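Residue numbers count from 1 along this sequence. Keep in mind it's a predicted model, so treat the numbers as computed, not measured. Atoms within each ligand, like the ligands themselves, are counted from 1 in listed order.
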Amino acid sequence: MARQPKILVLNGPNLNMLGQRQPEIYGRATLADIEAMCRTHGEALGFDIDFRQSNIEGELVTWIQQARGEHDGIAINAAAYTHTSVALLDALTLVDIPVIEVHLSNVFARDKFRHHSYISPVAAGVICGFGPNSYILALDALRSILGEA
Ligand code: DQA
């Protein structure tokens with residue numbers, strides 16, 4: 001049987017606090033709840049899900065570098081680093097696999113500084129504003145980009 005596509009789902013700073021963090025914006029689901037949703041949906045799509053979170057920019061950079069030759073696609077919620085990180089842009093530029101940018105909230109309906117993303121130019125697409133479902137939609141997008149199982 002052919003190897004299942006391996007998808008790296010990356011989460012940036014403060015997303016480990018989901019559930020407690022500004023629930024009026026981010027909802028009540030914890031990151032563990034979102035991971036469980038991704039695993040269930042990933043299984044249905046025939047994906048092997050590698051779900052990670054870090055508060056450390058360099059750790060995210062290292063994981064993106066290591067995705068070369070290891071993973072088939074990336075769904076990334078870079079959180080605040082979306083709006084600040086040239087390092088994440090450079091790392092994502094050098095991986096030659098499809099990248100989907102994900103946000104729980106509709107960043108365009110929020111502070112002006114959240115309207116700019118350093119990583120959108122290298123993303124195949126951006127999904128924001130659907131809460132935890134943004135992750136599910138990102139996995140669906142990767143499934144369609146990678147071709148049906
Ligand atoms: C976020 C939006 C970012 O602006 C913010 O810094 C986050 C979370 C989201 O998922 O809506 O930490 O990426």
Side-chain angles (χ1 to χ4, degrees), residues 5-45 47-68 70-146:
K6 204 167 169 185
I7 305 301
L8 182 59
V9 183
L10 275 186
N11 295 279
N14 300 306
L15 293 174
N16 55 314
M17 300 305 288
L18 285 177
Q20 302 169 54
R21 178 189 178 201
Q22 294 178 281
E24 67 287 2
I25 293 175
Y26 298 116
R28 294 268 171 210
T30 65
L31 194 61
D33 295 333
I34 293 174
E35 177 173 0
M37 284 172 64
C38 286
R39 290 198 183 284
T40 303
H41 195 65
E43 201 172 310
L45 296 176
F47 285 157
D48 181 0
I49 300 291
D50 184 357
F51 193 97
R52 305 185 197 182
Q53 188 273 334
S54 179
N55 292 325
I56 302 167
E57 186 176 13
E59 188 162 43
L60 294 164
V61 168
T62 299
W63 287 342
I64 293 166
Q65 290 176 2
Q66 290 170 347
R68 295 178 84 204
E70 177 65 27
H71 294 86
D72 301 287
I74 297 177
I76 180 168
N77 184 350
Y81 290 144
T82 307
H83 318 299
T84 63
S85 181
V86 176
L88 282 184
L89 167 65
D90 287 349
L92 290 167
T93 301
L94 75 91
V95 285
D96 45 5
I97 54 177
V99 174
I100 307 291
E101 178 181 342
V102 180
H103 300 285
L104 293 153
S105 63
N106 178 357
V107 286
F108 299 103
R110 299 183 61 198
D111 326 74
K112 195 118 206 244
F113 67 83
R114 295 183 203 277
H115 298 184
H116 177 261
S117 164
Y118 277 95
I119 65 179
S120 296
V122 292
V126 182
I127 297 171
C128 73
F130 300 98
N133 215 25
S134 291
Y135 287 75
I136 298 305
L137 295 168
L139 293 178
D140 285 342
L142 284 169
R143 183 70 275 177
S144 98
I145 290 168
L146 295 172

**Asked** How close do I145 and A124 get, heavy atom to heavy atom, and via which atoms?
**Response** CD1-CB, 3.8 Å
Show me the donor-acceptor pairs within less than 3.5 Å that the side chains of residues 88-110 make with the rest of the protein, sequence neighbours left out.
residue, atom, partner, partner atom, Å
T93, OG1, L89, O, 2.7
E101, OE1, S117, OG, 3.2
E101, OE1, S120, N, 3.2
E101, OE1, S120, OG, 2.7
E101, OE2, H103, NE2, 2.7
E101, OE2, S117, OG, 3.1
S105, OG, R110, NH1, 2.9
N106, OD1, F108, N, 3.0
R110, NH1, Y26, OH, 2.9
R110, NH2, Y26, OH, 3.4

Side chains of residues 6-15: which donor-acceptor pairs under 3.5 Å do they make with residues two or more places apart or in other chains?
residue, atom, partner, partner atom, Å
K6, NZ, E70, OE2, 2.8
N11, OD1, Y135, OH, 2.6
N11, ND2, R52, O, 3.1

**Message:** Can you tell whether the side chains of E43 and R39 come within less than 4.0 Å, N to carboxylate O?
**Reply:** no
**Request:** Provide the full list of salt bridge (charged side-chain N to carboxylate O under 4.0 Å, His left out) pairs with a residue in residues 112-129, sequence neighbours left out, each pair given once.
**Result:** D111-R114
Give me the pairs of N or O atoms, one from ligand 1 and one from the protein, that sit under 3.5 Å apart.
residue, atom, partner, partner atom, Å
ligand 1, 4 (O), H83, NE2, 2.7
ligand 1, 4 (O), R114, NH1, 2.9
ligand 1, 6 (O), A80, N, 3.2
ligand 1, 6 (O), R114, NH1, 3.1
ligand 1, 10 (O), N77, ND2, 2.9
ligand 1, 10 (O), L104, N, 2.8
ligand 1, 11 (O), L104, N, 3.3
ligand 1, 11 (O), S105, N, 2.8
ligand 1, 11 (O), S105, OG, 2.6
ligand 1, 12 (O), R21, NH1, 3.1
ligand 1, 12 (O), R21, NH2, 2.9
ligand 1, 13 (O), N77, OD1, 2.7
ligand 1, 13 (O), H103, ND1, 2.8

**Asked** With a 4.5 Å heavy-atom cut-off, do F47 and D72 have their side chains touching?
**Response** no
